[in-house]
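Encoded as structure tokens, the structure appears first; notes follow it.
Nothing here was measured: the structure is a model prediction, and the numbers come from that model. No hydrogens, no waters, no symmetry mates; every other heavy atom, side chains included, goes into these values.
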Amino acid sequence: MDMTALARTLLDPIQAHRTAGIEVISAADGAAEIALETPRALTNVIGSLHSSGLITLVDAAGLGAILAASADAADFQGVVPLGRSASLEFLAPARGRLVARCRLSEEALGVLRPLLRGETDRARFATHAEITDATGTPVCRGGFDWSVRRMA
């Protein structure tokens, strides 16, 4: 199911995403593609996107993929995803237009979908994203461990 509009509605208002210039390209079928133009204000001493910007992009890609697992926008009503831990692996300077891609694993989908259907009130799983630059070169890989709950 295409949840791109829902992902934009929920991710765009987040201040960290606005600061970084996060753009939701797509969120469908348990996968998300999120982009940004490296903001000069968020670069490090070598002109690369600072790690804080990279983790924001990895976080947004994971959230987009979680939203993209929904069959309907109503499935996400009352659902609160919280990151438990995160990791980054730096591969190359991250400059210019960057795109993060995240696809939920079958294992992640297996624990998330019952929560989205209202069959359980919590799920724990991991997401993994790869960030590439405009040439397609991988610049960073990252992951999040999530605790997702349905609030009453």
Side-chain angles (χ1 to χ4, degrees), residues 1-39 42 44 48-92 94 97-133 136 138-152:
M1 203 62 169
D2 190 337
M3 293 288 127
T4 303
L6 177 64
R8 287 179 181 144
T9 298
L10 296 178
L11 298 182
D12 287 352
I14 297 171
Q15 184 61 47
H17 295 173
R18 287 198 316 266
T19 299
I22 295 288
E23 171 195 352
V24 176
I25 297 170
S26 66
D29 304 319
E33 194 169 299
I34 311 290
L36 62 73
E37 290 289 339
T38 302
L42 294 181
N44 60 22
S48 178
L49 183 62
H50 189 272
S51 60
S52 61
L54 290 166
I55 200 68
T56 299
L57 192 51
V58 169
D59 172 69
L63 286 168
I66 291 168
L67 289 161
S70 301
D72 181 277
D75 289 352
F76 216 75
Q77 190 69 29
V79 173
V80 178
L82 295 172
R84 296 175 45 230
S85 65
S87 64
L88 289 176
E89 177 185 7
F90 306 106
L91 305 171
R97 182 160 178 84
L98 303 174
V99 178
R101 292 175 182 85
C102 178
R103 175 173 295 284
L104 296 182
S105 68
E106 289 301 318
E107 179 182 345
L109 288 167
V111 296
L112 178 59
R113 285 192 171 139
L115 178 132
L116 295 173
R117 290 190 301 260
E119 298 167 3
T120 186
D121 65 350
R122 65 183 60 198
R124 288 189 173 189
F125 57 90
T127 59
H128 303 280
E130 181 173 81
I131 302 172
T132 57
D133 65 14
V139 298
C140 183
R141 290 188 191 101
F144 264 84
D145 288 329
W146 296 95
S147 177
V148 183
R149 290 185 172 190
R150 179 174 298 282
M151 306 304 278

Exercise. Salt bridge check: are Glu130 and Arg101 linked by an N-O gap of less than 4.0 Å?
Worked result: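 A salt bridge is absent here (no side-chain N lies under 4.0 Å from a carboxylate O).
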Problem set entry | Neighbour count >12 (heavy atoms, 6.0 Å) for atom CD, Glu119 |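 Yes - once you tally the heavy atoms of other residues, nucleotides and ligands closer than 6.0 Å, there are more than 12.
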Problem set entry | More than 12 heavy atoms from other groups under 6.0 Å of CD on Glu106 |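 Counting neighbours around CD of Glu106, 12 or fewer heavy atoms of other residues, nucleotides or ligands fall under 6.0 Å, so no.
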Out of curiosity, [X] [atom1] to [Y] [atom2], how far, rounded to the nearest 0.5 Å?
{"X": "His17", "Y": "Leu10", "atom1": "NE2", "atom2": "CG", "value": "11.0 Å"}
{"X": "Arg97", "Y": "Asp133", "atom1": "CZ", "atom2": "CG", "value": "12.0 Å"}
{"X": "Thr127", "Y": "Leu63", "atom1": "OG1", "atom2": "CG", "value": "8.0 Å"}
{"X": "Leu54", "Y": "Glu89", "atom1": "CG", "atom2": "CD", "value": "12.0 Å"}

Main chain of [Y], side chain of [X]: is a donor-acceptor contact present, judged purely on distance under 3.5 Å?
{"X": "Ser87", "Y": "Gly142", "value": "no"}
{"X": "Arg8", "Y": "Val24", "value": "yes"}
{"X": "Arg150", "Y": "Gln77", "value": "yes"}
{"X": "Ser70", "Y": "Ala73", "value": "no"}
{"X": "Arg18", "Y": "Pro13", "value": "yes"}
{"X": "Asp29", "Y": "Met1", "value": "yes"}

Quick one, [X] and [Y] - any side-chain contact, counting heavy atoms below 4.5 Å?
{"X": "Ser147", "Y": "Val80", "result": "no"}
{"X": "Val148", "Y": "Phe125", "result": "yes"}
{"X": "Ile22", "Y": "Leu11", "result": "no"}

Problem set entry | Leu98: which of Thr132, Ile131, Ile34 passes side chain to side chain contact (heavy atoms under 4.5 Å, CB included) |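 Going through the options one by one, the only one that passes is Ile131.
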Problem set entry | Nearest heavy atoms of Thr56 and Ala16, plus distance in Å |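 Scanning both residues, the minimum pair turns out to be CG2-O, 3.9 Å.
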